[in-house]
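Structure first, then comments.
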Amino acid sequence: MPELPEIETVRRDLEKSVLGARIVRVKADDPLIMPPSEARRMKRALKGQTIDDLDRCGKVLVISVSGGWSVLQRFGMTGQMYPQPGDEPLPPCTRLVWELEDGRRIVYRDARRFGETRLVKTAELQRALGEDCRLGHDALLSDLSAEEFAALLADHAVPIKNFLLDQTHLAGIGNIYASEILHRCRIHPETPANALLPRQAREVLRVTRTVLAEAVAAQGTTISDYRTGENLSGGYQKFLRVYGREGGKCQRRGCGGEVVRIVQAGRSTFFCAKCQK
DNA sequence: AGCGATGTTGGCGG
DNA sequence: TCCGCCAACATCGC
Ligand SMILES: [Zn+2]
């Protein structure tokens with residue numbers, strides 16, 4: 001379920017564990033994750049290079065190596081990525097393996113195979129992220145102003161929940177955090193984006209950054225499959241206020257409303273029917 | 001056993 | 001062009 005906080009957690013973990021490591025061989029044999037021709041190119045491009053930088057844009061992990069190439073890793077619904085000792089057997093659903101000179105192997109696991117791996121020239125990273133991946137402003141790190149955000153909202157009549165999931169506007173918010181953000185803002189998820197008041201626009205942007213930062217601090221949310229870059233569970237699931245809590249009571253002080261579930265754009269949305277207007 | 005749910009994202013059609 | 005729906009896939013729970 002990797003959304004921005006989960007990918008950022010993996011990025012930080014890998015930065016600590018494998019930055020500077022030399023790659024001796026890469027295995028990539030799943031055509032759904034990466035087409036065979038591109039996989040062959042990636043194996044050639046990574047062999048013998050060192051891992052020089054770990055970055056992230058939205059939900060995309062960016063691994064740059066010496067020699068001018070970068071790997072874009074999307075995690076889909078069930079992606080995991082972490083290094084393990086060389087004598088440990090590869091876990092089920094391993095789709096990629098990066099063999100390191102020190103004997104460790106970085107594995108990318110992905111049961112459902114909604115993930116995707118791409119190889120791009122480091123010099124073309126920004127173009128690839130913007131034009132190919134069509135990623136908008138990073139939801140955590142961009143310096144987008146409240147006025148600029150309000151202008152984006154004003155251009156779109158879709159429900160605010162759908163707007164938040166659209167990676168071409170803000171990149172990084174997924175289904176869990178969209179519900180959490182709107183609950184904290186007391187905004188009904190079906191409110192048209194262009195109906196938000198200026199103060200609500202400001203609030204959504206501010207709360208987005210707050211919630212994502214809190215989730216990063218807790219190492220992300222593990223509902224079922226997500227693991228950190230150290231193959232550990234995240235901790236933010238303990239702090240979710242509405243996601244997955246259908247039928248529960250709203251914990252907002254003095255509210256006591258019921259958390260309900262609706263479906264928007266084919267995805268579950270959870271919100272408090274009493275305090276979110 | 002079968003059905004419906006699941007963190008994402010694209011393509012398709014109205 | 002905008003926007004809602006559905007499939008891609010595998011697993012798990014009712
Ligand atoms: Zn409430």
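A note on names: the letters A, B, ... follow the listed sequences, proteins ahead of strands, and every chain is numbered from 1. Since this is a predicted model, take the numbers as computed values, not measurements.
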Open item on the list: What's Asn162(A) touching, base or sugar-phosphate or nothing? Going by heavy atoms closer than 4.0 Å.
Closed with: sugar-phosphate

Open item on the list: On a heavy-atom basis, which atom in Met77(A) and which in Arg112(A) lie closest, and how many Å separate them?
Closed with: CE-NH1, 3.4 Å

Task: Donor-acceptor pair between Gln237(A) and Tyr226(A) side chains, under 3.5 angstrom - done: no

Open item on the list: Under 4.0 Å, counting only non-hydrogen atoms across every strand here, what does Gln167(A) touch: a base, just sugar-phosphate, or nothing?
Closed with: sugar-phosphate

- [ ] Round to a whole Å and report the spacing from CD1 of Ile33(A) to P of dT8(B).
- [x] 16 Å

Open item on the list: Tell me the interatomic distance from Leu4(A), atom CG, to dT8(B), atom P, rounded to whole angstroms.
Closed with: 11 Å

- [ ] May I have the distance from Leu165(A) (atom CG) to dT9(B) (atom C1'), rounded to whole angstrom?
- [x] 11 Å

Task: Note: Arg41(A)-Glu38(A) ion pair, threshold 4.0 Å (strictly below) - done: no

Open item on the list: For His183(A) together with Phe271(A), are the ring centres under 6.0 Å from each other?
Closed with: no

TODO: Taking only Lys NZ, Arg NE, NH1 and NH2, and the carboxylate oxygens of Asp or Glu, determine whether Glu99(A) and Arg105(A) approach each other closer than 4.0 Å.
DONE: no

Open item on the list: Can you tell whether the side chains of Arg184(A) and Glu214(A) come within less than 4.0 Å, N to carboxylate O?
Closed with: yes

TODO: In plain terms, say whether Arg11(A) and Glu8(A) are close enough for a salt bridge, that is, a side-chain N and a carboxylate O under 4.0 Å apart.
DONE: yes

Task: Length of the line joining Ile176(A):CD1 and dA5(B):C1', which is rounded to integer Å - done: 14 Å

- [ ] Assess the side chains of Arg22(A) and Thr50(A): does a donor N or O sit below 3.5 Å from an acceptor N or O?
- [x] no

Task: Whole-Å distance separating the CD atom of Gln73(A) from the P atom of dT8(B) - done: 15 Å

Open item on the list: Less than 3.5 Å apart, any donor N or O on the side chain of Asp52(A) or Ser64(A) sitting next to an acceptor on the other?
Closed with: no

Task: Short side-chain N/O contact from Ser268(A) to OP1 or OP2 of dT6(B), under 4.0 Å - done: yes

Open item on the list: Applying a 4.0 Å non-hydrogen cut-off, can you work out what Gly174(A) is touching in the nucleic acid: base, sugar-phosphate, or nothing?
Closed with: sugar-phosphate

TODO: Indicate, with a heavy-atom threshold strictly under 4.0 Å, whether Arg134(A) touches base, sugar-phosphate, or nothing.
DONE: nothing

Task: Euclidean distance for P, dA1(B) against dC9(C) (whole angstrom) - done: 23 Å

Task: Rounded interatomic separation in angstrom, taking NE2 from His169(A) and P from dT9(B) - done: 14 Å

Task: Range on DNA chain C touched by chain A - first to last nucleotide, heavy-atom distance under 4.0 Å - done: dC3(C) to dA10(C)

Open item on the list: What's the gap between dC12(C) and dT9(B) when it is taken at their P atoms, as a whole Å value?
Closed with: 23 Å

TODO: Classify the nucleic acid contact of Arg267(A) as base, sugar-phosphate or nothing, counting any heavy atom under 4.0 Å across all strands shown.
DONE: base

- [ ] Report the distance from atom CG of Asp132(A) to atom P of dT9(B), rounded to the nearest whole Å.
- [x] 15 Å

- [ ] Compare side-chain N and O positions of Arg112(A) against OP1 and OP2 of dT9(B) and report whether any pair is under 4.0 Å apart.
- [x] no

Task: Interatomic distance where CE belongs to Met77(A) and C1' belongs to dA5(B) [whole Å] - done: 10 Å

Task: Arg134(A) atom CZ, over 12 foreign heavy atoms within 6.0 Å - done: no

- [ ] Determine the contact category for Pro92(A): base if any of its heavy atoms lies under 4.0 Å from a base atom, sugar-phosphate if only primed atoms, P, OP1 or OP2 are that close, otherwise nothing.
- [x] nothing

Open item on the list: Between dT11(C) and dG10(B), how far apart are the two P atoms, rounded to whole Å?
Closed with: 24 Å

- [ ] Whenever both distances are under 3.5 Å in a Watson-Crick or G-U wobble pair, mark it; put DNA chain B into dot-bracket that way, with [ ] for crossing pairs and | when the partner is on another strand.
- [x] .|||||.|||||||

Task: Touch class at under 4.0 angstrom, heavy-atom based, for Leu32(A) against every strand present - done: sugar-phosphate

